[in-house]
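Note that ligands are numbered from 1 as they come in the structure, with each ligand's atoms numbered from 1 the same way.
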Amino acid sequence: KPRGYAKGRARKQSMKIIVTGGAGFIGANFLNQLVTPLPQHQFVNLDKLTYAANLGRRRALDSLPNYALRRVDITDMKAVDAVFDEVEPDLVVHFAAESHVDRSILGPREFVRTNIEGTFNLLEACRARWGKDEQRLFHHVSTDEVYGSLGETGLFEETTAYDPSSPYSASKAASDHLVRAYHRTYGLPVKITNCSNNYGPMQFPEKLIPLMILNAVDRRPLPIYGQGVNVRDWLYVTDHCEAIWTVIEKGAVGRTYNIGGNNEMRNIDVVDTLCNIVAEETGTDPGELLALKEFVTDRPGHDMRYAIDASRIAKECGWEPKETFDTGIRKTVQWYLANQEWVNDVRSGEYRKWMDANYGDRTG
Ligand code: NAD
Ligand code: TYD
């Protein structure tokens with residue numbers, strides 16, 4: 001047990017759990033993984049249903065007795081209070097956020113509102129009802145982007161100084177600081193996880209991996225920012241969700257855990273791999289897909305490299321990722337090829353309108 005931290009909280013047999021952002025990419029995977037195998041807990045998905053949410057993906061859960069959805073904007077304190085009074089949660093798992101770096105560059109206001117003010121509202125709702133009660137827990141889901149950019153060597157550790165580059169990562173950094181301050185100042189029981197880039201089923205095609213898969217399938221250009229040499233660590237989404245639940249169960253209160261996939265890749269290598277797998281899975285000539293690559297203007301403030309030292313979560317909680325990039329990326333390509341209805345659904349809604357207005361027809 002790390003010194004100076006309370007032991008992992010005594011968990012109730014049956015918890016009322018608010019999952020914010022449970023209609024988003026990671027939140028939806030989290031609910032899909034946990035609601036059925038944990039019937040003793042009640043799960044309430046608190047989501048504004050922005051462009052990034054797709055209720056289509058929730059259908060399987062809707063019929064389960066231990067799942068409910070409440071359409072709530074976390075920047076609306078009254079609505080947050082009402083749902084907290086109704087649910088009286090023991091655990092809050094906070095995913096809800098504006099999550100795309102490029103959007104934060106084009107329009108940062110929503111990021112400040114949802115990611116900072118929204119997190120603040122949830123913390124206030126918890127503080128008012130829980131005080132220091134260690135039977136309760138606020139689990140904050142954050143990103144490794146708060147640490148800024150690495151050079152060619154080195155890894156982000158939990159003690160690495162915050163140095164965010166984009167409005168997105170700055171807003172997540174601010175929310176992390178608030179969560180930690182509520183623990184230190186008010187004794188609110190919290191845990192924080194900072195993880196690397198997720199990929200897998202149900203991710204919107206504004207993000208690199210699904211964008212490249214769908215554009216390759218459609219024979220549209222594959223836009224690579226700069227020279228494609230920026231490095232990300234890729235974490236399969238189900239591994240991330242398992243890690244979060246492990247930290248909820250075994251992590252120490254007040255403590256931060258980094259989560260990584262041990263899969264550092266240059267963007268250009270990710271795109272080449274995707275072209276080859278899409279070609280293989282669809283019986284296409286890989287050369288035809290590789291020829292779609294286009295080097296485009298770089299993202300301003302583009303972080304060069306992210307990489308995670310995930311030894312704390314391994315040592316203290318016994319978690320390690322199960323998927324390698326090879327296994328996870330093939331499953332991901334297969335999921336997008338098999339779920340054309342989901343793809344059409346996503347591409348025809350609010351998301352499409354915004355992409356058309358801001359990117360023209362460059363992206364998926
Ligand atoms: P996402 O954009 O796919 O989904 C976000 C969800 O939050 C959507 O369902 C949306 O409707 C909801 N939401 C947005 N604003 C809201 C508001 N004001 N009130 C209530 N709900 C609101 O995001 P994601 O990729 O699933 O990311 C989930 C969390 O994980 C975020 O906090 C993100 O910062 C963090 N994270 C993501 C990644 C990644 O690679 N995707 C990596 C590290 C950390
Ligand atoms: P992204 O999926 O937006 O995640 P993040 O910015 O949070 O890391 O981008 C992953 C990497 O891929 C990042 O280095 C930017 C790059 N990228 C491209 O080269 N082209 C694209 O069209 C997109 C969306 C991203």
Nearest non-hydrogen atom to [atom] belongs to which of [options]?
atom: atom 7 (O) of ligand 2; options: E294, M212, Q203, E145; result: E145
atom: atom 14 (O) of ligand 2; options: R305, H302, Q227; result: H302
atom: atom 22 (O) of ligand 2; options: L211, N267, L208; result: L211
atom: atom 37 (C) of ligand 1; options: I26, N198, D76; result: I26
atom: atom 18 (C) of ligand 2; options: Y225, F295, F204, W234; result: Y225

What I want to know is whether [X] and ligand 1 share at least one N or O pair that is separated by under 3.5 angstrom.
X: K172; value: yes
X: K207; value: no
X: A52; value: no
X: D73; value: yes
X: S99; value: yes
X: K48; value: yes
X: G24; value: yes
X: D47; value: yes
X: T50; value: yes
X: Y51; value: no

### Message
Counting only heavy atoms closer than 4.0 Å, does ligand 2 sit against the backbone of R299, its side chain, both, or neither?
### Response
side chain
### Message
Just to be sure I read this right, does ligand 2 sit under 4.0 Å from the backbone of N197, its side chain, both, or neither, counting only heavy atoms?
### Response
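Answer for N197: side chain.
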### Query
Would you call S196 a ligand 1 contact, heavy-atom distance under 4.0 Å?
yes
### Query
Which atoms of ligand 1 sit under 4.0 Å from any heavy atom of V72?
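Atoms satisfying the 4.0 Å criterion: 19 (N), 20 (C).
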#### Entry: Under 4.0 Å to a heavy atom of C195 - the qualifying atoms of ligand 1, by number
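Contacts of ligand 1 toward C195, numbered from 1: 42 (C), 43 (C), 44 (C).
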Should the ring pair [X] and [Y] be called parallel, tilted or perpendicular, given that the plane angle runs from 0 to 90° and is split at 30 and 60?
X: Y225; Y: H302; result: perpendicular
X: H240; Y: F95; result: perpendicular
X: F138; Y: H140; result: parallel

Which heavy atom in [X] sits nearest to a heavy atom in [Y], and how many Å separate them?
X: I209; Y: L274; answer: O-CD1, 3.9 Å
X: N263; Y: D233; answer: N-OD1, 2.7 Å
X: G24; Y: D47; answer: N-OD2, 3.9 Å

### Query
Can the positive tip of R232 be found less than 6.0 Å from the middle of the six-membered ring of Y306, inside 45° of the ring normal?
yes
### Query
Taking the six-membered ring of Y51, is NZ or CZ of R352 closer than 6.0 Å to its centre and within 45° of its axis?
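Relative to the ring axis of Y51, which defines the angle, R352 lies outside at least one limit.
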Under 4.0 Å from a heavy atom of [X]: which atoms of ligand 2 are those, numbered in the order shown and with their elements?
X: E206; answer: 24 (C)
X: H100; answer: 3 (O)
X: V101; answer: 6 (O), 7 (O)

### Query
Is Y306 close to ligand 2, meaning an N/O of one under 3.5 Å from an N/O of the other?
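No, since none of the N or O atoms of Y306 sits under 3.5 Å from an N or O of ligand 2.
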### Criterion salt bridge (Lys or Arg N to Asp or Glu O under 4.0 Å) on R266 and D269, from CA distance to verdict
CA-CA 5 Å; R266 296 187 312 165; D269 299 327; 3.0 Å; yes
### Query
Of all residues at least two apart in sequence or in a different chain, which pass the salt bridge (Lys or Arg N to Asp or Glu O under 4.0 Å) check with E152?
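For E152, no residue satisfies salt bridge (Lys or Arg N to Asp or Glu O under 4.0 Å) once neighbours in sequence are set aside.
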### S171 backbone acceptor or donor facing N115 side chain under 3.5 Å
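No; zero donor-acceptor contacts below 3.5 Å.
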#### Entry: 4.5 Å side-chain heavy-atom contact, V101 and R299
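Of all side-chain heavy-atom pairs linking R299 with V101, at least one is under 4.5 Å.
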